[in-house]
Amino acid sequence: MMNEILFNNVRIVDPELETVSGLVDVKIQDGQIAKIGSDLDQKCDMQIEGDGRYMLPGLIDCHVHPFLADANLSRLSEVPPTLMSARAGRILEGMLQRGFTTVRDAAGADWGIKQAVEDGLIQGPRLFIAGRALSQTGGHGDFRSRTDDRDICHCQHALAFTSRIADGIDDVRRAVREELRKGADQIKIMVSGGASSPHDPLERNQYSPSEISVIVEEAERRGTYVMAHAYGADAIRVALECGVRTIEHGNMIDHATAELAAEKGAYLVPTLITYEVLADTAEDSGWSEAMLTKLSLVREAGLESIRICREAGVKLGFGTDLLGDSFDHQSREFLIRSQVESPAQILYSATRVNAEIVGQTGKLGVIATGAIADLLVLDRNPLEDLSVLQDQGKHIAAIVKDGNIIKNLL
């Protein structure tokens, strides 16, 4: 690790203010941004000439599944942890090269893969993990076939790392405590049906209010929060009333529920790219007609949910929720959302808002003195041209994470 790095002559992009600074120097010391100004002290271990390029905070994706390397989740029961981890390592490396220096795992990753990244054994974004997501019997996290009467398997394979079944007050309380014991940074629960699960109706609620309230209580007792998979407006409403902090997907939200989310100060994390990719690949991956019908419904509602939430003043995060071999499409989320949002709004979601979600306000998602040095140097101004974030990081001239140079073409 270089103790001191100086970037000369860069223009800082601020998505919140929708501004680009004049030419400045940025000094990095011991993993943090030490100084921002003109004609800074040139005595550094490394100097990099920005030549007028654009500096953006490292991107944050708040809904990823690097361990779900198959669009047909049921097939993950045939994947051992060793193969699962090897696949995840490659997926995480790709995310970092696309400029995502932080990601929030939404079920599947454990403390081991997080530690591997922190120890430098895997080159990838820093991870905030959910461990196994909590699902009721027959819910979005229950992938057993209808002919399988066995209790949910705690086998050592990729599918078993994805979710755990918990029913009733005592069971969900224990499940939350167990996931936190094993290192979860936040708790993920399923409160509605989903497209990728075979037997649960999309529009029906899952988990009772009393169960959700206990889950939230246990998470808050440990100083963390609950993220909830939810599509239908009523499921979202129940989750919000019980104290859930972030709603994942939320495609079928209505105006009244969006206003409730804004009132509660909750976040919604849209994940639109996954529906576009799955629309082309899910049938070939073995999805049933019922699953494909559910996919079509949520896909059609995606952009409208963003319009509704923007109008209500809901804080919108940025997520992708990709599965299988589709992770190369991660940055297309920017382009899809640009149909209803400005580049500044989308970048604000992928930096400042997502930093709030993971509890790192002022540390991540900003270029400011004292912040963690997660930085991208871009060939073009992303406030004017979001295509600069496409092509697997091709237009990113430099990537810095924790003050370490990950990529440097300057």
Side-chain angles (χ1 to χ4, degrees), residues 1-61 96-103 117-118 120 123-128 318 343-344 346-385 388-389 393 395-410:
M1 173 179 172
M2 296 284 183
N3 287 326
E4 292 185 347
I5 303 170
L6 183 65
F7 280 92
N8 297 118
N9 299 312
V10 295
R11 306 176 192 273
I12 295 176
V13 178
D14 188 331
E16 181 178 20
L17 299 177
E18 302 185 33
T19 59
V20 175
S21 75
L23 293 176
V24 296
D25 302 334
V26 178
K27 184 176 182 179
I28 298 169
Q29 185 171 7
D30 298 327
Q32 293 186 329
I33 299 173
K35 292 181 181 179
I36 300 173
S38 300
D39 300 320
L40 296 185
D41 182 7
Q42 303 294 307
K43 296 178 181 179
C44 289
D45 298 316
M46 185 177 190
Q47 292 185 49
I48 299 175
E49 176 57 49
D51 198 26
R53 290 179 176 83
Y54 298 86
M55 181 173 280
L56 183 71
L59 301 169
I60 305 170
D61 188 333
L96 184 58
Q97 291 298 321
R98 287 187 285 274
F100 290 91
T101 54
T102 300
V103 297
V117 172
E118 291 180 2
Q123 190 179 76
R126 70 176 53 75
L127 279 159
F128 291 86
F318 179 100
I346 305 166
L347 291 169
Y348 184 65
S349 292
T351 54
R352 304 278 181 95
V353 177
N354 277 2
E356 288 181 19
I357 288 175
V358 299
Q360 297 293 307
T361 299
K363 297 180 181 179
L364 297 176
V366 293
I367 298 176
T369 302
I372 294 170
D374 280 16
L375 309 168
L376 310 179
V377 179
L378 308 176
D379 292 338
R380 303 189 296 277
N381 180 1
L383 296 180
E384 297 177 350
D385 183 6
V388 74
L389 297 174
H395 312 292
I396 305 176
I399 300 172
V400 179
K401 177 196 164 196
D402 275 328
N404 293 313
I405 300 290
I406 304 298
K407 174 183 179 180
N408 181 18
L409 302 180
L410 299 173

Legend entry - Passing candidate, side-chain contact (heavy atoms from CB on, under 4.5 Å) with Ile12, options Leu56, Ile36, Leu375, Val20: Ile36

Legend entry - Heavy-atom pair of closest approach, residues Ile28 and Gly403: CG2-CA, 3.9 Å

Legend entry - Close side-chain approach of Leu378 to His395, heavy-atom, < 4.5 Å: no

Legend entry - Interatomic spacing from CG in Asp45 to CD in Glu4 - rounded to 0.5 Å: 5.5 Å

Inset, instruction - Sort out for me which residue in Leu23, Val24, Ile367 forms a side-chain contact (heavy atoms from CB on, under 4.5 Å) with Val10. - result: Val24

Legend entry - Main-chain N/O of Asp402 paired to Asp374 side chain as donor or acceptor, under 3.5 Å: yes

Inset, instruction - May I ask you to test the Gln360-Ile60 pair for a side-chain heavy-atom distance under 4.5 Å? - result: no

Inset, instruction - Nearest 0.5 Å please: distance from the CG atom of Asn9 over to the CG atom of Asp39. - result: 8.5 Å

Legend entry - Pairwise distance CD1(Ile396) to OH(Tyr54) - rounded to 0.5 angstrom: 16.0 Å

Inset, instruction - Check side chain to side chain contact (heavy atoms under 4.5 Å, CB included) between Thr351 and all other residues, then give those that pass, not counting sequence neighbours. - result: Pro15, Pro57, Leu59

Legend entry - Distance (rounded to the nearest 0.5 Å) between Leu40 CG and Lys27 NZ: 7.5 Å

Legend entry - Side-chain heavy-atom pair Gln29, Lys35 within 4.5 angstrom cut-off: no

Legend entry - Heavy-atom neighbours of Lys363 NZ exceed 12 at 6.0 Å: no

Legend entry - Side-chain touch Ile48/Ile405, heavy atoms, less than 4.5 angstrom: yes

Legend entry - Distance (rounded to the nearest 0.5 Å) between Gln47 CD and Phe7 CZ: 11.5 Å

Legend entry - Nearest-0.5 Å distance, CD1 of residue Ile372 to CG of residue Leu364: 4.5 Å

Inset, instruction - List in chain and number order the residues that pass side chain to side chain contact (heavy atoms under 4.5 Å, CB included) with Glu18, two or more places apart in sequence or in another chain; answer none if no residue qualifies. - result: Ala344

Legend entry - Test side chain to side chain contact (heavy atoms under 4.5 Å, CB included) applied to Phe318 and Ile346, step by step: CA-CA 8 Å; Phe318 179 100; Ile346 305 166; 4.1 Å; yes

Inset, instruction - Check Leu383 against Asn381 and note the closest heavy-atom contact, atom names and distance. - result: N-OD1, 3.0 Å

Inset, instruction - Apply side chain to side chain contact (heavy atoms under 4.5 Å, CB included) to Glu16 and list each qualifying residue two or more places apart in sequence or on a separate chain. - result: Asp14, Tyr348, Arg352

Inset, instruction - Kindly give the heavy-atom pair with the smallest separation between Gln97 and Lys407, and that separation in Å. - result: OE1-CD, 4.0 Å

Legend entry - Smallest separation among heavy atoms of Phe128 and Val358, with atom names: CE2-O, 3.7 Å

Legend entry - Which atom of Leu347 lies closest to which atom of Pro382, heavy atoms considered: CD1-CB, 3.8 Å

Inset, instruction - Could you tell me whether a side-chain N or O of Thr101 sits under 3.5 Å from a main-chain N or O of Lys401, the two making a donor and an acceptor? - result: no

Inset, instruction - Output yes when a side-chain donor or acceptor of Arg11 lies under 3.5 Å from a complementary backbone atom of Gly52, and no otherwise. - result: yes

Inset, instruction - Identify the heavy atoms of Gln32 and Gly370 that sit nearest to each other, and give their distance. - result: NE2-O, 3.6 Å

